[in-house]
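Working notes, structure below.
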Amino acid sequence: MTTRNMGPVDAIWLHMDSPENLMVIDSLMVLDGSVDWDRVVGLLERELIERYRPFAQRVTAPRFRLGPPRWRDDPDFTLERQLVRHRLPDGDDDTLQRYVESQLVQPLPKDRPLWQAHLIDGYRHGAVLYSRIHHCMADGLALNQVMLSLTSATADGDLGTGEPAAGPATDARRGEFLPSAASVGRAVTAPIRWARRIPDLFSLQTAYGGVQAVTAALRQAERLGKITNKLFLADPPVGPLSGSPGVAKRAVWAEPFALADVKRLGRHTGTTVNDVLMATVAGALGTYVAGRDGRRRDLPTMVPVNVRPLDAPLPAELGNDFALVVVEYPSATEELLERIAQTHRRMEEIKNSAEVPIVFSTIWAIGQTTKEIERLLVDFFSSKAIGVTTNVPGPRGSRYLAGTRIRGTLAWVPTAGDQTLGISVFTYDGTVWVGFKADQRRVPDPEALVAAFDAEVKEMARLAQAV
């Protein structure tokens with residue numbers, strides 16, 4: 001029987017579970033036709049169970065409440081216990097939406113590995129693979145690679161053609177907002193380098209060099225001060241999206257749209273795909289809150305930033321290797337091009353600061369405390385944002401699951417504490433898919449948010465075609 005301690009960051013996600021916000025990453029692959037589920041089960045066995053240990057392990061509490069939780073091989077494990085077979089009575093979007101929403105409030109059973117795969121028939125003219133995976137197993141970017149390993153570039157690619165597993169080196173492109181491993185390394189060591197130079201900076205051996213050094217030191221201190229203020233001193237957001245969440249959640253999504261328009265507008269403005277997409281979301285949020293209390297305002301969201309080398313294979317233990325940074329959506333600004341410019345400036349400031357290593361170090365330190373202290377600190381930090389926004393880059397071309405083409409992918413990301421809105425962006429085969437997970441108490445009409453987003457997408461496409 002294999003056992004191992006859970007890592008401190010993974011333990012945080014385990015302990016953050018609450019009835020109001022379950023720490024489960026929900027995602028689905030929409031398939032173009034019917035699928036051979038027996039073939040899919042074989043893929044799950046080969047690509048998940050045999051390759052990644054948490055998929056066949058249970059979480060056990062530490063003895064006498066001392067120490068971290070532990071992963072332990074599940075003695076009763078069978079793949080069938082992790083699977084849910086379902087046929088939708090009606091094949092429309094509303095029926096699928098109601099099914100997903102019924103699952104969002106269901107905790108994963110603790111007497112088995114913390115994941116499920118729902119094999120769903122009857123959606124439109126095809127099927128859906130709907131997965132529910134607890135965040136303590138891995139972060140979203142890692143789980144995206146795991147799920148991509150089930151797919152192939154051809155209809156018979158999983159039948160022994162020798163095709164390499166999907167992953168960042170073969171199918172996924174680098175996320176626009178994700179820093180490189182080198183840039184993360186520089187950011188991690190930057191505060192140390194500055195601390196070592198403090199005596200020299202103020203020695204003023206030469207007037208010109210001394211002034212330059214002091215100016216640089218003051219600029220760095222100002223940046224660190226801004227980060228400290230954002231993380232520790234900023235007030236919680238106010239407005240229609242703020243307040244204590246309830247248990248019920250809504251799962252909605254926008255119509256997929258062309259990635260080419262996003263890229264074209266990004267090239268025209270000298271910004272990134274992520275900048276354009278976030279600015280588009282910002283406009284929808286501004287419209288939504290203005291429709292509720294008459295006032296557009298900037299809204300803070302938490303954005304995950306990968307710190308795992310993208311070209312390295314995933315470890316068998318998986319785990320979480322990312323930081324969460326706070327980004328202000330420029331939702332108070334009505335004009336899209338100005339929102340894009342503001343988003344770009346704010347993202348660049350984060351990339352060129354020490355915020356990522358500071359946040360990652362803080363998360364790791366919190367994971368070394370007790371469950372009760374973790375909860376207190378996580379609630380404190382999560383209160384700085386309305387929710388979480390993810391942007392996961394998927395394959396550039398079509399992929400197949402057990403011989404059936406994947407039409408698209410949606411996800412609904414977990415939020416913590418008093419956060420009320422999760423936004424997940426996924427790019428796949430030249431299209432962009434966006435899912436919204438909304439707290440029903442605070443956001444009872446997420447369809448209005450989707451409608452506002454669809455309007456922003458049309459404006460983005462119009463501007464892109466005009467340049």
Donor-acceptor pair, Asp10 side chain versus Asn320 backbone, under 3.5 Å? yes

Ile340 backbone acceptor or donor facing Asp275 side chain under 3.5 Å: no

Interatomic distance, Met460 atom CE to Thr280 atom OG1 [nearest 0.5 angstrom]: 5.0 Å

Stepwise, does the side chain to side chain contact (heavy atoms under 4.5 Å, CB included) test hold for Val327 with Thr389? CA-CA 9 Å; Val327 179; Thr389 302; over 6 Å; no

Do the charged groups of Glu50 and Arg46 touch, with an N to O distance under 4.0 Å? no

Kindly determine whether His344 and Thr269 satisfy side chain to side chain contact (heavy atoms under 4.5 Å, CB included), including the steps that lead there. CA-CA 10 Å; His344 180 71; Thr269 56; over 6 Å; no

With Arg250 via salt bridge (Lys or Arg N to Asp or Glu O under 4.0 Å) - residues at least two apart: Glu101, Glu447

Side-chain donor/acceptor of Thr404 to backbone N/O of Ser34, under 3.5 Å: yes

With distance as the sole test, does His135 use its side chain to make a donor-acceptor pair with the main-chain N or O of Ala138 at under 3.5 Å? yes

Audit row: Tyr288, Asp445, side chain to side chain donor-acceptor pair (under 3.5 Å) steps and yes/no: CA-CA 10 Å; Tyr288 180 83; Asp445 53 348; 2.4 Å; yes

Distance col, row Glu80:CD vs Arg85:CZ, nearest 0.5 angstrom, shows 5.5 Å

Please determine if Asp17 and Lys110 form a salt bridge, counting it only when a charged side-chain N lies under 4.0 Å from a carboxylate O. no

Check Asp439 with Lys249, please: is the shortest side-chain N to carboxylate O separation under 4.0 Å? yes

Smallest separation among heavy atoms of Leu43 and Leu150, with atom names: CD1-O, 3.4 Å

Are any side-chain N or O atoms of Asp74 and backbone N or O atoms of Arg58, one a donor and one an acceptor, separated by less than 3.5 Å? no

Do Thr420 side-chain atoms and Leu241 backbone N/O form a donor-acceptor pair below 3.5 Å? yes

May I ask you to decide whether Arg462 forms a salt bridge with Asp261, counting only side-chain N to carboxylate O separations under 4.0 Å? no

Qualifying residues under salt bridge (Lys or Arg N to Asp or Glu O under 4.0 Å), relative to Glu20, sequence neighbours excluded: none

Under a 3.5 Å distance rule, please check whether Thr95 uses its side chain to pair with a backbone N or O of Gly91 as donor and acceptor. no

Relative to the ring of Tyr130, is the ring of His118 parallel (under 30°), tilted (30 to 60°) or perpendicular (over 60°)? tilted

Determine whether Pro109 and Gln116 make a side-chain contact, defined as any pair of heavy atoms from C-beta on separated by less than 4.5 Å. yes

For the residue pair Val262 and Phe257, what are the closest heavy atoms and their distance? CG2-CE1, 3.9 Å

Do Leu28 and Ile120 touch side chain to side chain, with heavy atoms closer than 4.5 Å? no

Side chain to side chain contact (heavy atoms under 4.5 Å, CB included) between Thr409 and Trp433, intermediate numbers included: CA-CA 7 Å; Thr409 298; Trp433 296 67; 5.8 Å; no

Answer yes or no: is there a donor N or O on one side and an acceptor on the other, between the side chain of Arg132 and the main chain of Gln103, under 3.5 Å? yes

Assign the ring pair Phe55 / Trp115 to parallel, tilted or perpendicular, where the plane angle (0 to 90°) is split at 30° and 60°. perpendicular

Side chain to side chain contact (heavy atoms under 4.5 Å, CB included) between Ile423 and Tyr329: does it pass, once the steps are laid out? CA-CA 12 Å; Ile423 303 170; Tyr329 272 122; 4.1 Å; yes

Working to the nearest 0.5 angstrom, can you tell me the gap between Leu48 CG and Ser149 OG? 6.0 Å

Measure the spacing between CD of Gln57 and CZ of Arg70 and express it to the nearest 0.5 Å. 10.5 Å

Student check: side-chain heavy atoms of Asp139 and Arg308 closer than 4.5 Å: yes

Is any side-chain heavy atom of Thr3 closer than 4.5 Å to a side-chain heavy atom of Thr60? no

Any side-chain heavy atom of Tyr428 sitting closer than 4.5 Å to one from Pro395? yes

Note: Leu79 and Glu45 closest approach over all heavy atoms is CD2-OE1, 3.7 Å

When you measure from the side chain of Arg53 to the backbone N and O of Trp71, does any donor-acceptor pair fall under 3.5 Å? no

I'd like to check Arg81 versus Asp111 (side-chain heavy atoms, cut-off strictly below 4.5 Å). Are they in contact? yes

First locate atom CG of Leu141, then atom CG of Leu314, and finally report the distance between them rounded to the nearest 0.5 Å. 8.5 Å

Taking Gln419 for its side chain and Ala416 for its backbone only, find out whether a donor-acceptor pair lies under 3.5 Å. yes

Taking NZ, NE, NH1 and NH2 as the nitrogens, is one of them in Glu348 or Lys351 under 4.0 Å from a carboxylate oxygen of the other? yes

The reported gap from CG in Asp121 to CG in Leu119 (rounded to nearest 0.5 angstrom) is 8.0 Å

Quick check: do Leu299 and Val289 have side-chain heavy atoms less than 4.5 Å from each other? yes

Candidates Asp92, Asp32, Asp93 - the one meeting salt bridge (Lys or Arg N to Asp or Glu O under 4.0 Å) with Arg124: Asp93

Who pairs with Arg442 by salt bridge (Lys or Arg N to Asp or Glu O under 4.0 Å), at least two apart in sequence or on another chain? none

Can you check whether Val100 reaches Asp26 side chain to side chain, under 4.5 Å on heavy atoms? no

